[in-house]
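In what follows, every heavy atom counts, from backbone to side chain, and hydrogens, waters and symmetry copies are set aside. Letters A, B, ... are given to chains in the order of the sequence lines, protein chains preceding strands, and every chain is numbered from 1.
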Amino acid sequence: MNGEKIKRQPCITVMVFLLLLFGLTVATLCKPSAAFSETENRVLAQMPKIKAEEIRNGEFETDYEEYLTDQFPFRDRWIGLKTSIERLLFKRESKDIYFARDGYFVEKHTGSYATQMAERNVAALAEFAGRYTEQFGAEHISVMVVPNAVDILQDKLPPYASSGGGDDYLAQIADVLPEGVWFDAASVLRRHTDEEIYYHTDHHWKTLAAFYVYQEWAKARGCLVPEWADYMIQTVTDSFEGTVQSKLGIQTAGDTIELFIPVKETAYQVYKESTGESENSLYDYEALNTKDKYAVYFGGNDPFMQISTEADSGRKILVIKDSYANCFIPFMLGEFQQIDVLDLRYTNRKVSELIETGGYTDLLVLYNVSGFAEDMSITKLTN
Amino acid sequence: MVFSSLLFLFRFLPAVLLVYYIVPHALRNFVLLIFSLIFYAWGEPVYIILMLVSIFISYTGGILIDCFTKMGRRKAAGITMIISCIVSLSMLAFFKYSDFVIETANNLTGAGIAMLQIALPIGISFYTFQTISYTIDVYRGEAAVQKNLISFGAYVSMFPQLIAGPIVQYKTIDTQLRTRKETMEQYAEGVRRFMIGLGKKVLLANNAGALWDTIQTMNYSDVPVLTAWMGLTAYTFQIYFDFSAYSDMAVGLGHMFGFRFPENFNYPYLSKSITEFWRRWHISLGTWFREYVYIPLGGNRVNKWKHIRNIFIVWLLTGIWHGASWNFVIWGVYYGALLLAEKFIFGKHLKKLPVVCGHIYCMFFVMLGWNLFVFEDMGQGMAFLKALFGIYGQGIGNKETVYLLYNHVFLLVLCILGSTHLPQDIGRGVCARLSGRNVMQPLVENVFYAGIFILSVAWLVDATYNPFLYFRF
């Protein structure tokens, strides 16, 4: 009897092990390969083709491992499990994302600014601004690099957590620009830290933040300053789970996206180079049914857009930007007659040629700070 | 291929287990050989030739030595043994140390010889030492000759211990290679051991490594004392849990195939002296050097000066075995000097002090040793050393120290506990309490091991950080 009991126990241990091992193995073999991960917003690795040459040089092996990891069943759940346990065990960050107060998930961006690219981008921007300040005059060229949540929501960060280093980088940028070109978005945002100016689960700023900053920017640039009463605020979703949430894989409360719709209706045309067609809406409401709901603004980043408005100021502006600008541009419609929007990441247009032939009166460079530091395409500014 | 990967867990391991247990006993060594070669070839298929050459040289060496010995030609046997060892060592030297020698020569003479840029074949330091031990043992008559090429090949290439040890001397598994019986008890023991190893590597070592990486990449002249020590502590745990986890997984996998490999670690951080530390750390390497270098040189049965010479030779070699770089040489000599000092100067005084003094003394020097070990660039090592002793005047700690500490307090406590007998004692205590309960005991035990497995998979799926420290060896 006793002998039997001793025998039974190892049996159970082995069975549990084999069940886990073979169960998960079978699951990985049976799961059909997904082409794209909505949560991570990226193309997933596929089963690599077997070629003798690639096996020999190790490429196949590397690709196969990547494929196995990317296509692992319930990938998000496993990552979520890890994040949840880390949170339980006093960790106030995971994957360089702070678990901040009030349900904010805030990316740290440590290391973004100490790179050669970060240095090079500042130099390129300085050269660009120097060149066109002469041509346009300081009051018609504006550089705005918007800080990220980690730089602004410092009160919400975990105790003793350090804040990225975006501030120093912004100061570095402001330093090298010609007099009057820099616009300090950080100090505007700092006055509103108790409001919802950043998404809880995404790396972008909220429309509200863009509104406050636009007000100050318009004031500084001698444009018409919009007021609250000029807009109707529409909450178009309350289930936005952004890029930061995707990295953590955990369930979070959804974010809301607010659109500021002008009370006074105006007509405009948006020409998008990607489709070659003109539309008469700034917003792509279809995007609200997908994971990347921030794409509600213009349907995401287009290489080049041309917005024609009814404004009769005679001002034509070129905005060179990243996605932070997407919720800022709608506020510009009342002021500028034509707004050209260039996203250097997706285009090979020569900036100098565009400016030469575009007949612009104004230039605006608008990026977020970590994005700017890490963006490989910034050097195209001087092309 | 490394054990702590999805590829190993969900492709290689199930395949090898399945095939191994389907085929009849007579073919099992062959299955191990084939799978081990696949394991080895994964990612670097070219080096499989090197492995086969290694196997062939020591295999023929062994047979020749045996023949000569039986013919009474002891001298010829000796020469064969020496040739076989020299060939094996030359391969190791060429693949591991060429660039190091060239670089040193360039630095000394300014010759500017081009480096060979050879990628180090994985595990070469481990399997070369195994083949050498085999030929020497056959010569000494301590091991029986293995005439079956497949069994011998399986021994040399045996995937569980191929890439990170333990260094298994042929004589210890000779009979297991010829006849072994896989039992359910041993299999279960293997499962438990493997799970523990997996958890140690993925959950403790990798996370400690991530903390070390955070601190290692700081600008050392800004690092306050406590942060520096936290970093070194993290590395101290990373290297122990990483290395001993590989040994655990190796031993565990061995059990699954019916082998019993020697233990490689015995709670080294509980040591009270450096001498004791090296009896508990990487035991199979220490054993190897003792049996094949130290004792043949005369060990301690010679006059004092030769004894000291012997110790330095062994530690110089131990250092250089760990990597082709000067910091490893110095690290080896550092331990040689500490061991000598314990032997001849303060060892007896140390024993009279309270136990806690011994622990503190030992860990202090072990950690400083890791500082030497981890920085190949010794300028960086010196800079970090200065941070450890507050020479930059950055004070005791800062905001970041507090943040890092409370974020990792759980990990560090787990690592401290994991370096002691405590988890094992608790486990045994719980089992003893529950023994006799038909449901509770297996439930608690298996939930524990399955839990480790599931957590490890979660960490691996997410793996942005899963380094393999032993590519250098």
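- Rounding to the nearest 0.5 Å places CH2 of A/Trp78 at 9.0 Å from CG of B/Leu455.
- Side-chain contact, A/Arg92 with B/Tyr406: no donor N or O sits under 3.5 Å from an acceptor N or O.
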*Is there a side-chain contact (heavy atoms from CB on, under 4.5 Å) between B/Phe8 and A/Glu65 once you walk through the steps?*
CA-CA 10 Å; B/Phe8 180 81; A/Glu65 291 206 59; over 6 Å; no
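- When atom types are taken as modelled, the side chain of B/Lys399 and the backbone of A/Ala161 share a donor-acceptor pair closer than 3.5 angstrom.
- There is no contact between B/Ala15 and chain A, counting heavy-atom distances below 4.5 Å.
- Using a 4.5 Å cut-off between heavy atoms, B/Ile454 contacts chain A through both its backbone and its side chain.
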*Would you please test A/Tyr64 and B/Trp42 for side-chain contact (heavy atoms from CB on, under 4.5 Å) and show each step?*
CA-CA 11 Å; A/Tyr64 186 81; B/Trp42 187 266; 4.0 Å; yes
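- Ring centers of A/Tyr98 and B/Tyr403: under 6.0 Å apart, within the cut-off.
- For the pair A/Leu29 and B/Arg11, the minimum side-chain heavy-atom distance is below 4.5 Å.
- Of the two parts of B/Val191, only the side chain, counted from C-beta on, holds a non-hydrogen atom closer than 4.5 Å to a non-hydrogen atom of chain A.
- Considering NZ of A/Lys82 and OG of B/Ser456, their distance stands at 12.5 Å, rounded to 0.5 Å.
- Looking at B/Glu189, there are no atoms closer than 4.5 Å to chain A (heavy atoms on both sides), in backbone or side chain.
- In this structure, chain A has heavy atoms under 4.5 Å from both the backbone and the side chain of B/Val457.
- The pair B/Asp462-A/Arg75 fails the salt-bridge criterion, with no side-chain N (NZ, NE, NH1 or NH2) lying under 4.0 Å from an Asp/Glu carboxylate O.
- Comparing A/Gly80, A/Gly249, A/Pro159 by how many heavy-atom pairs each has under 4.5 Å with chain B, the most go to A/Pro159.
- Side-chain atoms of A/Glu86 and B/Trp459, non-hydrogen and from C-beta on, do get closer than 4.5 Å to each other.
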